[in-house]
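First comes the structure, then the notes that go with it.
Start at 1 with the first residue, then count along the sequence. Read the numbers this way: they start at 1 and go in the same order the structure lists the ligands and their atoms. Source: prediction; values computed, not measured.
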Amino acid sequence: MIWYPYEQMKTMKEPYKIIDAEGPYIYTKDQKLLDSVSSWWSNIYGYKHPELTNAIKTQANQFCHVMLGGLTHDPVEKLSDKLAQILPGDLDYCFFSDSGSVSVEVALKMAHQYYVNKGQDKKDVLALTHSYHGDTFRAMEIGDDPDYHFAFKEKNHVFHIDTTIEALEQAFAEHHDTLNCLIVEPLLQGAGGFLMYDVSFLERARELCDEYDVLLIFDEVATGFGRTGNRFVADLVLPDIICLGKALTGGYIGHAATVANHKVFDAFYSDNPDHALMHGPTFMGNALACSVSLAAIELFERDDYMSKIHHLENIAKETMRGFSHESIKEIRIMGGCVCIEVKNPATLKGYQEYAYKKGVFARPFLNFLYTMFPYVLTDEELILILNTMKEWFE
Ligand SMILES: *Cc1c(COP(=O)(O)O)cnc(C)c1O
């Protein structure tokens, strides 16, 4: 049987069985549902997009996958060129992996080994309270092959801070000599509760990282490709390493990229084999994933998805304006994300079934009723999603 994610299997309710999907809609046997979650925030161009589907089909007729160890191919070369071209600054060095969590692991290994290679002892990590960076646990640590993992022996500390400049400055004052990186979900913290914070925090973070020689990592697995109303938050403040996933493939198939700048790459580039990055997911650079990612990025640029996102963000703000209820703690809107945080999680019990009847698929959790909508919605479709959320309180 299937072991479902994040569920108490004994009490979970029956999942909806999907038999077809097109545009922003998913279909059960008896209901047509607007997917207000975009398949965990990844399916931003809608389902069954002819160009994306075609990219996969065309590549599948050549080959679906070859390993990237000792081999290369057009789709992976083109995608790395494309990412280097669209990402700001000198974020040019693309390491591919099969999921967002692994892309974060790779970024953290890069930051750790960056200082090992330079002969500096900087093992600690600074992160944010309420951060979410994936679910992986201990695969490398419990392995017993020092040839692979000698650079990652020592244990480190992780410090968590709130998104205030005061907390940031204090953390750097206390720990700067042992920190190798600050990792953040920039502007929008997703799974930790759709928390939004100001760009001034990131600007100050960039200054402090420069001052104290600490790498700045943006986990844009969720925020990349427009979710905050910016193409990438990296367009506003330049990190040393960026992680991309989720919408990278248009939500078609799992793939992710960890993209480093020249400074980071340079610390690994030497005559010493011990300075190499010892990481290599079996399916990194998968040809189907790279082909569909490339087609997705071309679509994002050609069809000016940023204007679509700005337009939908304005519709969302208009629709939610003035709305309040005694059980609501706060309503937060940014780019393609709307979150109603309630005071008591019991308030949201039964919402999923309610929304289903209205033709909307939603998956609230804890205190958060939210949508991370696909960018192909019409105004009316977005308003239907938001009105369904509002009507729940009436
Ligand atoms: C979803 C997510 C991840 C993990 O990605 P997976 O593909 O599920 O492993 C990492 N970071 C952020 C910010 C995410 O939202």
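Using a distance-only test at 3.5 Å, with no hydrogens or angles considered, a donor-acceptor pair links the side chain of E220 to the main chain of V233. Although no hydrogens or angles enter the test, the distance criterion places a donor-acceptor pair under 3.5 Å between the side chain of H325 and the main chain of F393. Looking only at distances, a side-chain donor or acceptor of K109 sits under 3.5 Å from a matching main-chain atom of M278.
D162 and T164 are not linked by any side-chain donor-acceptor pair at a separation below 3.5 angstrom, with hydrogens and angles left out of the test. Side-chain contact of H157 with D124: a donor-acceptor pair under 3.5 Å is absent, judged by distance alone.
Taking every heavy atom of S99 and a limit of under 4.0 angstrom, the matching atoms of ligand 1 come to 7 (O), 9 (O). Listed by number with element, the atoms of ligand 1 under 4.0 Å from a non-hydrogen atom of W41 are 15 (O). Short contacts between ligand 1 and A222, defined as distances under 4.0 Å to a heavy atom of the residue, involve ligand atoms 15 (O).
Using a non-hydrogen distance threshold of 4.0 Å, W40 does not register as a contact of ligand 1.
Counting only heavy atoms of the protein, atom 6 (P) of ligand 1 lies nearest to G100 N, 3.4 Å. Residue, atom and distance of the protein heavy atom nearest to atom 9 (O) of ligand 1 are S101 OG, 2.5 Å.
Within the 4.5 Å cutoff, no side-chain heavy atoms of V125 are placed close to those of F159.
Within the set E185, R227, K246, the minimum heavy-atom distance to atom 1 (C) of ligand 1 is found for K246.
Among the atoms of V221, none of the N or O lies under 3.5 angstrom from an N or O of ligand 1. At a 3.5 angstrom cut-off on N or O pairs, D219 counts as close to ligand 1.
Aromatic ring orientation, Y27 versus Y25: tilted (interplanar angle from 30° to 60°).
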